[in-house]
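What's counted below: heavy atoms across the whole structure, side chains too, no hydrogens, waters or symmetry copies. Atoms within each ligand, like the ligands themselves, are counted from 1 in listed order.
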Amino acid sequence: MDAVNLSASYDAAFVDHVQRESGQSLSRCYQCGNCTAGCPYTFAYDIPVSQIMRLTQAGQKRRVLECGSLWMCATCESCTTRCPNGIDVARVMDVLRHISRREGFAARRPVKVFWDSFLDSVRKHGRVFEAGLLAKYVALTGRVWTDLDLAPRILPKGKLSLTPHPIKGRDEMEKIFKRFEARGGRS
Ligand code: SF4
Ligand code: SF4
């Protein structure tokens with residue numbers, strides 16, 4: 001990682017924001033590295049999760065919110081389970097993603113488009129409709145060949161339905177989305 005001048009770019013408001021929204025005390029992190037050791041995506045992250053914790057603690061807003069790791073996190077909560085200080089690290093990652101989106105730092109447009117398409121599908125059908133999700137994602141990104149090589153393996157297994165199967169109680173799902181939006185979610 002490049003050297004950064006921590007004191008010059010310390011953003012106290014950012015630290016406060018993350019702590020308030022996540023309900024976690026960042027100062028409790030003493031950089032043991034357990035979260036990174038247990039994270040299944042460390043191999044693919046541009047910044048490992050323990051370093052994201054440190055940079056967040058140090059108020060390095062831009063560095064954190066622009067990193068690609070936020071968009072690869074699977075919210076598996078392994079980091080949360082392994083933290084010896086009881087920090088809900090996955091929750092911090094979640095909050096950072098939300099702030100990144102809201103404040104226009106989300107650097108990887110296709111990932112953002114995928115998230116939006118996924119959530120729109122869940123909102124409409126009550127569960128994800130994969131073929132519809134795929135069509136929307138391709139239309140918005142132009143990435144026609146994305147994962148096309150998987151088709152011969154999943155189609156014969158009936159894993160990709162060509163028609164949606166809406167659930168009962170979609171009204172309840174809509175209420176969840178509305179509550180989320182009322183609290184400032186998605187932008
Ligand atoms: S929740 Fe995200 S950061 Fe934490 S271990 Fe899982 S993939 Fe890694
Ligand atoms: S496991 Fe907890 S204390 Fe250790 S580096 Fe990660 S967040 Fe910090």
Side-chain angles (χ1 to χ4, degrees), residues 1-7 9-122 127-128 130 133 137 141 143 146-147 150 159 176-177 180 183-187:
M1 183 186 299
D2 298 335
V4 285
N5 183 342
L6 294 184
S7 51
S9 47
Y10 179 75
D11 186 333
F14 170 62
V15 177
D16 184 52
H17 186 172
V18 176
Q19 295 198 119
R20 222 175 336 104
E21 202 165 318
S22 67
Q24 307 302 305
S25 173
L26 296 170
S27 61
R28 291 173 68 187
C29 171
Y30 54 30
Q31 286 294 289
C32 67
N34 263 358
C35 49
T36 290
C39 173
Y41 284 99
T42 295
F43 77 96
Y45 278 9
D46 52 354
I47 303 180
V49 59
S50 54
Q51 288 183 19
I52 291 174
M53 289 299 288
R54 177 66 189 127
L55 287 166
T56 308
Q57 211 178 41
Q60 302 303 300
K61 180 174 179 175
R62 176 167 289 278
R63 189 88 171 90
V64 170
L65 297 185
E66 283 184 347
C67 86
S69 308
L70 298 182
W71 303 97
M72 306 199 82
C73 169
T75 320
C76 69
E77 302 196 343
S78 166
C79 47
T80 298
T81 309
R82 293 173 67 111
C83 179
N85 291 324
I87 304 169
D88 189 344
V89 187
R91 176 78 188 126
V92 173
M93 291 289 277
D94 212 22
V95 164
L96 291 172
R97 260 192 308 276
H98 286 300
I99 299 175
S100 178
R101 273 190 63 121
R102 280 202 300 263
E103 301 195 10
F105 286 92
R108 301 188 179 188
R109 185 173 177 274
V111 179
K112 185 172 180 290
V113 169
F114 183 85
W115 274 51
D116 286 340
S117 305
F118 181 92
L119 289 173
D120 288 346
S121 181
V122 171
R127 62 165 65 128
V128 69
E130 290 91 349
L133 159 66
Y137 175 77
T141 62
R143 301 183 73 176
T146 302
D147 292 337
L150 296 175
K159 298 280 185 194
I176 293 172
F177 275 93
F180 180 60
R183 292 169 56 187
R186 287 182 90 188
S187 56

Side chain proximity check, H17 to K61, heavy atoms < 4.5 angstrom: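 Counting from C-beta outward, H17 and K61 never come under 4.5 Å.
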Taking only residues two or more places apart in sequence, or in another chain, which ones meet C83 in a side chain to side chain contact (heavy atoms under 4.5 Å, CB included)?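 Testing C83 for side chain to side chain contact (heavy atoms under 4.5 Å, CB included), a comparison that skips the adjacent residues, returns N85, I87, V89.
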With T75, which residues qualify under side chain to side chain contact (heavy atoms under 4.5 Å, CB included), at least two apart?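 Residues passing side chain to side chain contact (heavy atoms under 4.5 Å, CB included) with T75: C73, R97.
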Would you say E77's side chain and A90's backbone share a donor-acceptor pair under 3.5 angstrom?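 No.
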Any side-chain donor paired with an acceptor under 3.5 Å for R54 and Q57?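 Yes - a donor-acceptor pair under 3.5 Å links their side chains.
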Residues R101, D116: salt bridge by 4.0 Å N-O rule: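 Judged by the 4.0 Å cut-off on N to carboxylate O distance, R101 and D116 do form a salt bridge.
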Please list, in number order, the atoms of ligand 2 under 4.0 Å from a heavy atom of N85.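 Answer, ordered by atom number: 3 (S).
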Quick check on contacts: which atoms of ligand 2 are under 4.0 angstrom from a heavy atom of P84?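 Result: 1 (S).
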Around [atom], find the nearest protein heavy atom and jot down its residue, atom name and distance.
atom: atom 4 (Fe) of ligand 2; answer: C32 SG, 2.3 Å
atom: atom 2 (Fe) of ligand 2; answer: C83 SG, 2.4 Å
atom: atom 8 (Fe) of ligand 2; answer: C29 SG, 2.4 Å

S78 to C39 - nearest heavy-atom pair and separation: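 Between these two residues, the closest heavy atoms are OG-N, 4.5 Å.
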Kindly check if the number of other-residue, nucleotide or ligand heavy atoms within 6.0 Å of OH (Y45) is above 12?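 It does: Y45 OH has more than 12 such atoms within range.
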Please say whether more than 12 non-hydrogen atoms of neighbouring residues, nucleotides or ligands are located less than 6.0 Å from CZ in F114.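 No, the 6.0 Å shell around CZ holds no more than 12 heavy atoms from other groups.
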Do any of the N/O/S atoms of C35, backbone or side chain, fall under 2.8 Å from atom 2 (Fe) of ligand 2?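 Coordinating: no.
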For atom 2 (Fe) of ligand 1, every protein N/O/S atom that sits closer than 2.8 Å, waters excluded: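 As for protein N, O or S atoms lying under 2.8 Å from atom 2 (Fe) of ligand 1, they are C73 SG.
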Provide the number and element of each atom of ligand 1 under 4.0 Å from a heavy atom of Y45.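 Near Y45, meaning under 4.0 Å from one of its heavy atoms, ligand 1 has 2 (Fe), 3 (S), 7 (S), 8 (Fe).
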Quick one: does R82 get a heavy atom under 4.0 Å from ligand 2?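 For ligand 2, residue contact (heavy atoms, under 4.0 Å) with R82 is absent.
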side-chain hydrogen bond (donor to acceptor under 3.5 Å, both in side chains) against T42, all qualifying residues, sequence neighbours excluded: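 Scan of T42 (side-chain hydrogen bond (donor to acceptor under 3.5 Å, both in side chains), adjacent residues dropped) gives none.
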